[in-house]
S.K.: 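Have a look at this one before I ask anything.
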Amino acid sequence: MALLNFKKRTHAAPAAPPAAVEALLKDYSIEVMPRTAEKVENFRDLLPEGTRVYIAHIEGTPIEDMVATAKRLAEDGYPVMPHFPARIIKDRAMLADWIARYQGEAGVDQALLLAGGVTTPHGDYHSSMQLLESGEFGKAGFKRLHVAGHPEGNRDIDPSGGMDNVSAALKWKQAFSETSDAEMALATQFAFEAGPIIEWADGLKAAGIDLPIHIGIAGPAKLQTLIKFAIACGVGPSLKVLQKRAMDVTKLLLPYEPTDVIGQLATHKAANPDFNITNVHFFPLGGIKANATWAIENAGASGVPASAK
């Protein structure tokens with residue numbers, strides 16, 4: 001048996017029109033953590049004016065570090081959307097305290113609510129729906145609330161690998177959005193293949209879920225890094241895109257870039273203007289600078305950093 005199996009290379013798919021990519025990437029968002037934000041000297045040299053910046057709250061990160069990062073970004077002119085992971089919030093008093101700190105010190109008025117990747121809840125909450133039901137975000141006058149979407153399912157929610165519990169949760173969130181004063185949207189886990197993403201988004205629309213979708217896309221990174229994160233985050237069928245790439249000796253050592261998946265989604269959006277994916281949300285798994293540089297080079301006017309204007 002040959003050690004290496006060199007297959008005949010197939011022709012690459014036609015590149016998406018630059019205008020379509022620019023349109024899809026308009027008002028993209030990006031995710032940081034306090035420790036990754038510390039490595040960035042000046043966000044205005046990297047991110048467009050008004051870019052929404054999510055701050056991921058990993059278990060063990062002090063709330064003081066989260067708020068300090070939010071304050072820095074807000075002072076740079078960026079709207080900040082911190083994570084509120086239900087399973088690390090002990091009780092309603094802690095939830096109210098976090099909201100008050102973010103508002104008082106950084107002027108935050110938007111949040112991503114999610115269960116969080118913790119197996120055993122630290123206290124009273126185990127789902128984003130409980131955080132919504134608490135009424136604390138409405139009381140504080142938050143203008144925008146995002147909730148999690150899972151194009152390939154989530155085994156924390158559906159251990160069997162199905163979509164029943166995820167689908168039921170989305171229907172509940174849709175109903176909540178119809179009674180909330182806040183603008184709501186779905187911010188999804190990252191995926192690597194456009195076809196299943198499109199099919200999932202169309203399925204939500206057919207099921208009566210019309211929350212705008214901010215699709216999660218992994219930014220440029222080493223292939224090994226992406227595979228590690230994909231497995232840890234429970235990315236499903238589209239993981240095969242990375243596995244296929246790993247089998248291609250000509251690509252094995254090259255960094256992954258989201259050019260293909262962005263291009264296919266942009267082409268689909270241009271042909272279907274009412275497509276319910278409205279924004280791209282980047283996970284900068286290979287670093288914030290690498291992700292921002294890719295956007296600067298590929299997004300046209302949508303990627304021009306604030307300091308360049």
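The figures here come from the full heavy-atom set of this structure, side chains too, leaving out hydrogens, waters and symmetry mates.
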S.K.: Going by the side chain to side chain contact (heavy atoms under 4.5 Å, CB included) test, name the single residue among I198, I213, L24 that passes it with F275.
M.R.: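 That would be I198; it is the only one of I198, I213, L24 passing the side chain to side chain contact (heavy atoms under 4.5 Å, CB included) with F275.
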S.K.: With clusters defined by side-chain heavy atoms of hydrophobic residues (ILVMFWY) lying less than 4.5 Å apart, directly or transitively, does V304 cluster with F282?
M.R.: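 The answer is no; the residues belong to distinct hydrophobic clusters.
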S.K.: Could you check whether any side-chain heavy atom of S307 comes within less than 4.5 Å of a side-chain heavy atom of D45, counting everything from C-beta outward?
M.R.: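 The answer is yes; the side chains approach within 4.5 Å.
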S.K.: Would you call I217 and Y28 a side-chain contact if the rule is heavy atoms closer than 4.5 Å?
M.R.: no
S.K.: Decide side chain to side chain donor-acceptor pair (under 3.5 Å) for Q110 and H146; before the verdict, give the C-alpha distance in whole Å, the side-chain angles of both, and the deciding distance to 0.1 Å.
M.R.: CA-CA 8 Å; Q110 52 187 309; H146 287 187; 5.6 Å; no
S.K.: Run the ring pair (Phe, Tyr, Trp, His ring centres under 6.0 Å) check on W98 and Y102 step by step: do they pass?
M.R.: CA-CA 6 Å; W98 285 15; Y102 280 122; 7.2 Å; no
S.K.: State the CD-CE distance between E136 and M94, to the nearest 0.5 angstrom.
M.R.: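 Those atoms lie 13.5 Å apart.
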S.K.: With rounding to the nearest 0.5 Å, note down the distance linking CZ in R44 to CG in L73.
M.R.: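 Going from the CZ atom of R44 to the CG atom of L73 covers 11.5 Å.
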S.K.: Are side-chain heavy atoms of E59 and R87 found at a separation under 4.5 Å?
M.R.: no
S.K.: Does a side-chain heavy-atom distance below 4.5 Å link R52 with D27?
M.R.: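 A side-chain contact is absent here, since even the closest heavy-atom pair is not under 4.5 Å.
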S.K.: Roughly how far, to the nearest 0.5 Å, is the CG atom of L186 from the CG atom of L170?
M.R.: 5.5 Å
S.K.: When Q130 is tested against each of S134, S128, S127 for side chain to side chain contact (heavy atoms under 4.5 Å, CB included), which residue passes?
M.R.: S127
S.K.: About how many Å separate CD1 of I288 and CD1 of I30, when rounded to the nearest 0.5 Å?
M.R.: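 Those atoms lie 6.0 Å apart.
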S.K.: Does any N or O in the side chain of D76 come within less than 3.5 Å of the main-chain N or O of Y78, such that one atom is a donor and the other an acceptor?
M.R.: no
S.K.: Identify whether V80 and M66 are in the same connected component of the hydrophobic contact network (ILVMFWY, side-chain heavy atoms under 4.5 Å).
M.R.: yes
S.K.: Calculate, to the nearest 0.5 Å, the distance between atoms CG and CG belonging to L204 and L211 respectively.
M.R.: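 Between atom CG of L204 and atom CG of L211 there are 8.5 Å.
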S.K.: Starting at CD1 of I296, measure out to CG of L47 and round the result to the nearest 0.5 Å.
M.R.: 8.0 Å
S.K.: Tell me, do L285 and F190 make a side-chain contact under 4.5 Å, heavy atoms counted?
M.R.: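 SC-SC contact between L285 and F190 confirmed.
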S.K.: Any link between V53 and L145 through a network of hydrophobic side chains (Ile, Leu, Val, Met, Phe, Trp, Tyr) touching at under 4.5 Å?
M.R.: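 Yes, because V53 and L145 connect within a single hydrophobic cluster, where side-chain heavy atoms sit under 4.5 Å apart.
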S.K.: Applying a strict under-4.5 Å side-chain criterion to I, L, V, M, F, W and Y, I'd like to know whether V67 and I58 cluster together.
M.R.: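 Hydrophobic grouping puts V67 apart from I58.
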S.K.: With a 4.5 Å cut-off on side-chain heavy-atom distances among I, L, V, M, F, W and Y, is there a chain of contacts connecting F137 to Y54?
M.R.: no
S.K.: For the residue pair V21 and G263, what are the closest heavy atoms and their distance?
M.R.: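 Minimum heavy-atom separation between V21 and G263: CG2-CA, 4.5 Å.
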S.K.: Go through it in stages, so that I can follow the logic: the residues are R35 and E38, the test is salt bridge (charged side-chain N to carboxylate O under 4.0 Å, His left out), and I'd like the CA-CA distance, side-chain angles, deciding distance and then a yes or no.
M.R.: CA-CA 5 Å; R35 63 177 176 81; E38 286 177 358; over 6 Å; no
S.K.: Do I197 and I277 touch side chain to side chain, with heavy atoms closer than 4.5 Å?
M.R.: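 Yes - at least one pair of side-chain heavy atoms lies under 4.5 Å apart.
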S.K.: Under 4.5 Å between any side-chain heavy atoms of P34 and T61, yes or no?
M.R.: yes
S.K.: Side chains of D260 and F192: does their closest heavy-atom pair fall under 4.5 Å?
M.R.: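 Heavy-atom side-chain distance check fails, nothing below 4.5 Å.
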S.K.: Are R72 and E75 ion-paired here, with the side-chain N under 4.0 Å from a carboxylate O?
M.R.: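 Salt bridge between R72 and E75, a charged N being under 4.0 Å from a carboxylate O: no.
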S.K.: Describe, in one word, how the ring planes of F283 and H281 are oriented to each other, choosing from parallel (under 30°), tilted (30 to 60°) and perpendicular (over 60°).
M.R.: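 Ring orientation, 0 to 90° scale: perpendicular.
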